[in-house]
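Right, one structure below, let's go through it.
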Amino acid sequence: MGFGRVAARRFFDRPVLDVARDLLGRLLVHEVDGAVVAVRLTEVEAYAGGHDPASHAFRGPTARNAVMFGPGGHAYVYFTYGMHYCVNMVCGPPGAASAVLLRAGEVVAGADVALARRGRGPERDLARGPARLTKALGIDRDCNGADVTAAASPLRLHVGTPVADDVVRRGPRVGVNAAHDLPWRMWVDGDPTVSVYRRHVKRTR
DNA sequence: CGGCTGATTGCCT
DNA sequence: GGCAATCAGCCGA
């Protein structure tokens, strides 16, 4: 309501790199307890399931990554670093276990709610980074497995406005150790809500 | 901006 | 037991 139609199932039933590129400019909407926040996606990363050493699905199905092995168009939410949630869109045919990490976006509705959840500004940073994005949208474990193609789902992907080819930039994935040479991060060139690149850092103790 | 560190918990080897 | 698809705070250039 107010955000146009939701994406079709077949949108996600394609190669993960195609889906990743086409997710830019789309709207992720989360509606809970009457509060609505919408984010226009400006940065994503592709993870190619069983063939990708950086993917959570690389070593086969587990309790955590089970959703990745299911049909496309569902949200895969995981908890990391003891405090953060990140959200992916599962894509490809069932079993492919490929997914697109939603890294950043522009809050286009519900900025007041997003700001209250995040507890700090500025507005351009509300969803600038994968954990900030889930925080702003109020996404947590309850959203794992949500069907984002269902108009009645609290978490949905709306068609929005796709971006032109000449503004799509690509580079290595952020904070990833394995396969750091693959340019599978994609973002909208020049958009201030795109996160800053960080190399993977090995931690001591 | 680049670089480093602490925080904090679930998951997998 | 090791470490993670991160973030915030701080420092230096």
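Residue numbers begin at 1 in each chain, while the letters A, B, ... track the order of the sequences.
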**Report entry** Spacing between A/Glu45 atom CD and C/dA4 atom P, to the nearest angstrom
**Finding:** 15 Å
Report summary line: Atom NZ of A/Lys202 and atom C1' of B/dG3 are separated, to the nearest Å, by 16 Å
Query raised in the report: Between A/Arg156 and A/Ala151, what is the shortest heavy-atom contact and its length?
Result: CD-O, 3.2 Å
Report summary line: OG1 (A/Thr149) and CZ (A/Arg10) are apart, to the nearest 0.5 Å, by 11.0 Å
Query raised in the report: Between A/Asp125 and A/Arg118, what is the shortest heavy-atom contact and its length?
Result: O-NH2, 3.7 Å
Report summary line: Rounded to whole Å, NE2 of A/His180 lies from P of C/dA4 at a distance of 14 Å
Requested in this report: Compare the aromatic ring of A/Tyr47 with the six-membered base ring of C/dA5 and state whether they stack according to the 5.5 Å and 30° rule.
Outcome: yes
Query raised in the report: Base, sugar-phosphate alone, or nothing: which one does A/Asn88 contact when heavy atoms must sit under 4.0 Å apart?
Result: base
Requested in this report: State whether A/Phe12 and A/Arg14 meet the cation-pi test: NZ (Lys) or CZ (Arg) under 6.0 Å from the six-membered ring centroid, and within 45° of the perpendicular axis.
Outcome: no
Query raised in the report: At their closest point, which heavy atom of A/Cys86 faces which heavy atom of A/Pro130, and how far apart are they?
Result: SG-CB, 3.8 Å
Requested in this report: Spell out protein contact along nucleotides 6-13 of chain C as letters: B when the base is contacted, S when just the sugar-phosphate is, - when no protein heavy atom is under 4.0 Å; keep the 5' to 3' order.
Outcome: BSSS----
Query raised in the report: Between A/Arg128 and A/Ser195, do the side chains contain an N or O donor and an N or O acceptor separated by less than 3.5 Å?
Result: no
Query raised in the report: If a stem is a run of at least 3 consecutive Watson-Crick or G-U pairs, both distances under 3.5 Å, which stems include DNA chain B?
Result: B:1-7 with C:6-12, B:9-12 with C:1-4
Report summary line: Per the under-4.0 Å heavy-atom filter, residues of residues 55-72 of chain A near DNA chain C come out as A/His56
Report task. Please check if the distance between the ring centroids of A/His56 and A/Tyr47 is under 6.0 Å. Result -> no
Requested in this report: Give the rounded distance in Å between these two atoms: CG of A/Asp140 and P of B/dG10.
Outcome: 14 Å
Query raised in the report: What pair of heavy atoms forms the shortest contact from A/Tyr76 to A/Arg64, and how long is it?
Result: CE1-O, 3.4 Å
Query - Distance in angstrom units between A/Phe79 CZ and B/dG10 C1', rounded - result: 7 Å
Requested in this report: For A/Gly160 and A/Arg26, work out which heavy atoms get closest and say how close.
Outcome: O-NH1, 4.5 Å
Query - Separation of B/dC4 P from A/His200 NE2 (nearest whole Å) - result: 13 Å
Report summary line: In this structure, CE of A/Met186 is separated from OG1 of A/Thr42 (nearest 0.5 Å) by 14.0 Å
Query - Length of the OH-P vector between A/Tyr197 and B/dG2, whole Å - result: 10 Å
Query - Any donor-acceptor N/O pair, A/Arg173 side chain to A/Ala46 backbone, under 3.5 Å - result: yes
Report summary line: Whole-Å distance, A/Asn177 CG to C/dG2 C1', equals 14 Å
